[in-house]
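Please read the structure below before turning to the comments.
All chains are named by letter (A, B, ...) in the order of the sequence lines, taking the proteins before the strands, and each is independently numbered beginning at 1.
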2 protein chains.
Amino acid sequence: MKRKVSLKDIATEANVSAAAVSYVLNGQEHRVSPDMAHRIKTIARKLNYRPHHIARSLKTRRTNTIGLVVANISYRFTTGITRAIEAEAKKHNYSVLIGSSDEELPKFNDLINVLVDRDVDGLILLPVDQSEKEIKELIKSDTPFILMDRYFPDIPTSYIALDNYRAAQEYVDYLAALGHSNVAFINYDASMYHLRERTRGYVDAMKRHKLPANAKWNKTIRREMFDDDMRKAIDQVCAQPSEKPAIIFASDTLAIKGIRYLNELGKRIPEDISVISFDESEAFELFNCPVTHGRQPLEEMGRMAVQTLIDVMENENVNRQVLLRSGFVKGGSCGER
Amino acid sequence: MKRKVSLKDIATEANVSAAAVSYVLNGQEHRVSPDMAHRIKTIARKLNYRPHHIARSLKTRRTNTIGLVVANISYRFTTGITRAIEAEAKKHNYSVLIGSSDEELPKFNDLINVLVDRDVDGLILLPVDQSEKEIKELIKSDTPFILMDRYFPDIPTSYIALDNYRAAQEYVDYLAALGHSNVAFINYDASMYHLRERTRGYVDAMKRHKLPANAKWNKTIRREMFDDDMRKAIDQVCAQPSEKPAIIFASDTLAIKGIRYLNELGKRIPEDISVISFDESEAFELFNCPVTHGRQPLEEMGRMAVQTLIDVMENENVNRQVLLRSGFVKGGSCGER
DNA sequence: TAAATTTTGTTAATCGATTAACTATTTTTA
DNA sequence: TAAAAATAGTTAATCGATTAACAAAATTTA
């Protein structure tokens, strides 16, 4: 690649010092005469000057880059949130470096190190299960960061997340209002707080409606026994000799697998069973019945994440916790129509 | 953030010059005595030295970063290829900066400029429709880059893509072998070469089988009239008073929309009509019939893309064109079983 | 009018690492 | 043993931009 035009080239051409050029090109015009400012800007444009970020960063200690560690690049949530974050970052003149932890702690750590090594100015993290220790280390290291989608209530960090507790309650309320009294909840058995909040919301809402939320209805799936556990859970829910049941799936992956098994069993949705999924999925597109599901306010999350991170970067003691309300898309999978 | 440990800190502590430290830490150990090399490495480890990429880049003019411009971050193809590229890039000690053009030419140009401004060492591009001019400019600018998935046969660039011509023929052959003689092809009307190759493959294969590939069967959809054109195309295909037809959709988005409309029409797949999709989609997951589709060799594409780009970066006159063979996943949407 | 202030610049150090060019010492070769 | 070569380092310039500190000239103030 050819060498680019440098500040000095402009300075030479304009017969002034490099400092003057730097001032003019960085909003410090008032330090030189209007004439000179104009001359420099004209020449810069003529030579098609592009500032050399690297050199600037070396001096300013800022790279105008933020690091984003997502849980898995192929989640639907990821693509949406990435897009929103990049858009907002661009507005503030930041680029985004993305890494995917694939939900694995070692990769998560690696990525943080790589990004910090690359001198990102700050980090937006979707922490993986069991990463509390790492997050605490990160606080100590003085690296500006915020958590997103997932967080640890006991660790005082800034975060932007969904109000999962509230969303879960709303789903139960919705099903209860439709006359359901047998509402199952199928969740991963992960220790992640945002997932536990979903279960807590379910349980509390069921109690409030005086409906059962015991082990018969409140199910967990181990990732390493995904298929088996899912089958067992659904078999048990369907075995209850009572009125038409409903299942709330705590994630899209759970919903897809669950609905597939319900299909295998010949259960019709919503005639034989109602279904709600916490997240949406492309897989619902061609399903014979539109699936009622939550909708994460991705744009808003992305926007707030970037804005909050910038605040944190600019002011060490910013500490902001945001819980956003989930949207709710009524399909037909609860027999709505 | 705290100041990091610098080369100089190590030099001071070890009582040697910074140059010596630099040599030792960059595989030039032979320039100093084993003793000293050992002492320096010990101290570097003790102080937890992390090289300052920015400073290094300023001097070496390399950032060890490659830029990737995808067509749309939410395509399934994108997530897969991104993952593959990042993995391979990491092996070669490169980071990846990603941008999404959303199939829009102005965004595509912007992104290239942003990435070049950020001093990426090279670019992997999925060019958008009508971007020939920009690609030619890029060649002139001496920026190392390769094209991926899409390319322009008249522009001498390196590229990694699918053999779309061949894949389309294979689908026709497959349908013909199943006894189909009415095979429709539904494609976008875009001018992009990789899409035209799909149509060309279809037409040539139909001719070879002495089957009709005229306007009745060979359909195009305008993006700006997507729904209308799709309905018309499918209505016409279904209106042909003849035996059971088949449709090959030239992309997953076309397939999803098409299958939805077939559903609306009450057409059963594969009883009333056979369907093949060029690309796979998550949306097929919950469809009542597994959809027969192509499968792009993502890992291989990503690997070859990074390797080729590195070759191009290291050696100006590398010019490599690679056409990979698509995979083929037989579902049941052609009445296979 | 003299002092103080503002305007309009410049100079030079600096960020952290790389590397060509050099020196001094030791070892090898002929 | 003298010359050549290898070994073991160091010095100092450099990458491109930023910015504190300075200085000369012009303008304002008292």
Given atom CG of A:Leu58 and atom P of C:dA13, what is their separation to the nearest angstrom?
-> 17 Å
Between the side chains of A:Gln321 and A:Asn319, is a donor N or O closer than 3.5 angstrom to an acceptor N or O?
-> yes
May I have the distance from A:Arg62 (atom CZ) to D:dT19 (atom P), rounded to whole angstrom?
-> 11 Å
For B:Glu103, does the CD atom sit with more than 12 other heavy atoms under 6.0 Å from it, leaving out its own atoms?
-> yes
According to a strict under-4.0 Å criterion, is A:Arg61 in side-chain N/O contact with OP1 or OP2 of C:dG16?
-> yes
Nucleotides 4-12 of chain C: protein proximity per nucleotide (B base, S sugar-phosphate only, - neither; heavy atom, under 4.0 Å) | ----BBBB-
In whole angstrom, give the distance that lies between atom CD of A:Gln28 and atom C1' of D:dT18.
-> 10 Å
Among side-chain atoms of B:Ser131 and B:Arg150, is any donor-acceptor pair under 3.5 angstrom?
-> no
Integer-rounded Å distance: C:dC15 P and B:Lys4 NZ | 15 Å
Which residue pairs satisfy the salt bridge (charged side-chain N to carboxylate O under 4.0 Å, His left out) criterion with at least one member in residues 24-39 of chain B, sequence neighbours excluded?
-> B:Glu29-B:Lys41
So, is A:Asn26 close to the D:dA17 phosphate, meaning a side-chain N or O under 4.0 Å from OP1 or OP2?
-> no
Distance-only polar pair, side chains of A:Thr63 and A:Asp119, donor-acceptor under 3.5 Å = no
Let me know the distance between NZ of B:Lys59 and C1' of C:dA17, rounded to the nearest Å.
-> 9 Å
For B:Ile40 and C:dA17, give me the distance from atom CD1 to atom C1', rounded to whole Å.
-> 14 Å
Pair B:Tyr193 and B:Tyr151, ring centroids less than 6.0 Å apart | yes
For the pair made of NE2 in A:His52 and C1' in D:dT14, what is the distance, rounded to whole Å?
-> 13 Å
Looking at every strand, decide which applies to B:Ser22 at a 4.0 Å heavy-atom threshold: base, sugar-phosphate, or nothing.
-> base
Interatomic distance where CG belongs to A:Asp9 and C1' belongs to D:dA17 [whole Å] = 13 Å
Would you tell me if any nitrogen or oxygen in the side chain of A:Arg56 comes within less than 4.0 Å of OP1 or OP2 on D:dT18?
-> yes
List for me each residue that meets salt bridge (charged side-chain N to carboxylate O under 4.0 Å, His left out) alongside A:Arg223, sequence neighbours excluded, and say none if there are none.
-> none
